[in-house]
Amino acid sequence: MIDQQMSLRGGAARLPVRPRTGRFLVLAAVFVCAACGLVYELELVALASYLIGDSVTQASVVLSVMVFAMGIGSLLAKRLRCRAAVGFGMIEAALALIGGSSALVLYASFAWLGDSQYALVGFSLAIGVLIGAEIPLLMTLIQRVDRQDAGGAVADLFAADYVGALVGGLAFPFLLLPMLGQLTGALFTGAVNAAAGGALVLWVFRSDLSPRSRWLLVLANVSVIAVLATATVLVDDFERAARRAVYGDQVRVAVQTGVQEVVVTGTDRDSLGLYLDGRLRVSARDEYRYHEALVHPAMNGPRARVLILGGGDGLAAREVLRYEDVRAVTVVELDPAVTRLARTDPALSELNGHAFRDPRLTLVGADAFPWLRADHGRYDVVISDLPDPGITASTKLYSAEFYGLIGEALAPDGRLVVHAGPLGARPQTFWTVEASVRAGGLATRPYRVTGRYAGFAASPDRRGGEDREREDWGFLLAAAGRAPQAALAAGGPEPRSLRGRELREGARAAAEARLPGLLPSTLIHPRYWEDA
């Protein structure tokens, strides 16, 4: 009772270390716990962006929910101040278990249930409440160590907290992800969190604990670390089972590169599927329709020098290299793992016709945006075969500034072709990209091709075959000055140019739309549609 009264008054307690050492240990625990908390936060954002897409929305959801929950946690912590030591120990054990297992549960809900949005919000709430309860309890504990004015104690705690957040924020992308990956990295972080919180309470503040509380904390922390360690041992088996649930039973290659997760399915060229960050980029069943529609209309004219932005799978290059009068093809691909697969994987290299063996082709490993800033000469044809415009990470490659750089790289009679997303499923995205191309100083001719069988996302697709057959790809053919002419059929399954009524309807439907995350210059303005 006397100890509790001293605790509430901020008096010093009997500790196994000197007050200065005890204060240092409390601040060290604050540092470690803050680093772990930020890792949980970043891991939720990164995994949600991968599983759900649209990183801007997912980051907003995670951050706003967590900050709100932290306020709730701070209020709830008032009830624990009279038993700050045991309360802090149990909170850290719960935070370690929930935060460490969050990546596994999110991925499992995506793989077997097809949706991880509710799990994301739930984990953001739970982790936020527990993080919010830390500082009030730590404030009580540091006052137990040494008499200190409240202002100085708060300053010390927040200084350690902010420095720990900095270290955690840097460790996540530069150490944990490259060395351990998302799932193992989260489990390891949880184990460190449990060890730090448990060690502080069970050693420095053991005099505040009753024998029952001490054994309860020991059991809780040992159990949490044991669960996390067991999950770490089984994480490879879990990933294989989850991938089978998402991609099917024929996963041949699954690798996390420095840019994205690359998965190849299928046993031969006829069943091949290439997934990038969980989204189907190539399906052998229908890829020829996409790549023929993407490449051949733009090749109607001078075509000696061709630039392909993206297209690391080599399939667009395959179509370009069919033209004997093409003298040079440059492929600019960000992820070297994709081009390595395109060269070495038997099924994929057979599908792309061994395009990378052609002496006319030059491969450049670079981000297309900064690469275009340098002067690499002029190109007769530029083919933009980039990730879907609905993915926030790729939006800079669909901005007016980007198309302005392409315009400067085009020869006087050069043409640009852009994959602008499915017109039928996401017309606002398509017309936003069209407006961005116009804002970049190019005149456009929109067109589409139907017969798309493959779904966009890797999540379980419960739609029937007829819905898949109605899916399409939307493209934009563009050039400086007047809109380019192209060999586009009037109808049928071949590429079809959009005409007056469709253009006007599309313009009205997207008049106030913008793609989340795009630069302001990519907003659609009415003046772009005066001649539609």
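Only this structure's heavy atoms are used, side chains among them; waters, hydrogens and symmetry mates stay out.
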Could you check if a side-chain atom of [X] sits within less than 4.5 angstrom of a side-chain atom of [Y], using non-hydrogen atoms only?
{"X": "V262", "Y": "V253", "value": "no"}
{"X": "D385", "Y": "L315", "value": "no"}
{"X": "V246", "Y": "Y275", "value": "no"}
{"X": "V26", "Y": "F88", "value": "no"}
{"X": "C36", "Y": "V192", "value": "yes"}
{"X": "L309", "Y": "F369", "value": "no"}
{"X": "Q117", "Y": "V61", "value": "yes"}
{"X": "Y40", "Y": "L130", "value": "no"}

Could you walk me through whether L120 and L51 pass side chain to side chain contact (heavy atoms under 4.5 Å, CB included), step by step?
CA-CA 10 Å; L120 175 69; L51 298 177; over 6 Å; no
Please check this pair: side chain of [X] against backbone of [Y], looking for a donor-acceptor N/O pair closer than 3.5 Å.
{"X": "S74", "Y": "G132", "value": "yes"}
{"X": "H376", "Y": "A409", "value": "no"}
{"X": "R214", "Y": "R206", "value": "yes"}
{"X": "E92", "Y": "G197", "value": "no"}
{"X": "R23", "Y": "I142", "value": "no"}
{"X": "D345", "Y": "L341", "value": "no"}

Spatial distance of atom [atom1] ([X]) from atom [atom2] ([Y]) [nearest 0.5 Å]:
{"X": "F158", "Y": "M139", "atom1": "CZ", "atom2": "CE", "answer": "9.0 Å"}
{"X": "L234", "Y": "L187", "atom1": "CG", "atom2": "CG", "answer": "10.0 Å"}
{"X": "L216", "Y": "L209", "atom1": "CG", "atom2": "CG", "answer": "10.0 Å"}
{"X": "I135", "Y": "M70", "atom1": "CD1", "atom2": "CE", "answer": "8.0 Å"}
{"X": "L157", "Y": "Y162", "atom1": "CG", "atom2": "OH", "answer": "10.5 Å"}
{"X": "F123", "Y": "E43", "atom1": "CZ", "atom2": "CD", "answer": "8.5 Å"}

Where do [X] and [Y] come nearest, in terms of heavy atoms and distance?
{"X": "V338", "Y": "D313", "value": "CG1-N, 3.9 Å"}
{"X": "A96", "Y": "N193", "value": "CB-CB, 4.0 Å"}
{"X": "P387", "Y": "R281", "value": "CA-NH1, 3.8 Å"}
{"X": "E134", "Y": "C33", "value": "OE2-CB, 3.7 Å"}
{"X": "V218", "Y": "L202", "value": "CG2-CD1, 3.8 Å"}
{"X": "L228", "Y": "G190", "value": "CD1-C, 3.4 Å"}

For F68, look at atom CZ and say whether over 12 heavy atoms of other residues, nucleotides or ligands are found less than 6.0 Å away.
no
Under the side chain to side chain contact (heavy atoms under 4.5 Å, CB included) criterion, do E261 and Q182 qualify, and how do the steps go?
CA-CA 11 Å; E261 184 186 57; Q182 286 185 323; over 6 Å; no
Pick one: which of L348, L272, V282 meets side chain to side chain contact (heavy atoms under 4.5 Å, CB included) with V264?
L272
Here's a test for you: under side chain to side chain contact (heavy atoms under 4.5 Å, CB included), which of I131, L63, I127 qualifies with E41?
L63
Evaluate the criterion side chain to side chain contact (heavy atoms under 4.5 Å, CB included) for residue pair D367 and K396; output intermediate values, then yes/no.
CA-CA 11 Å; D367 186 329; K396 70 175 183 179; 2.6 Å; yes
Are F402 and Y398 an aromatic pair by the rule of ring centers under 6.0 Å?
no
Might you work through the side chain to side chain contact (heavy atoms under 4.5 Å, CB included) test for F188 and T232, ending with a clear yes or no?
CA-CA 8 Å; F188 174 78; T232 302; over 6 Å; no
Going by the angle between their ring planes, with limits at 30° and 60°, are Y107 and F110 parallel, tilted or perpendicular?
parallel
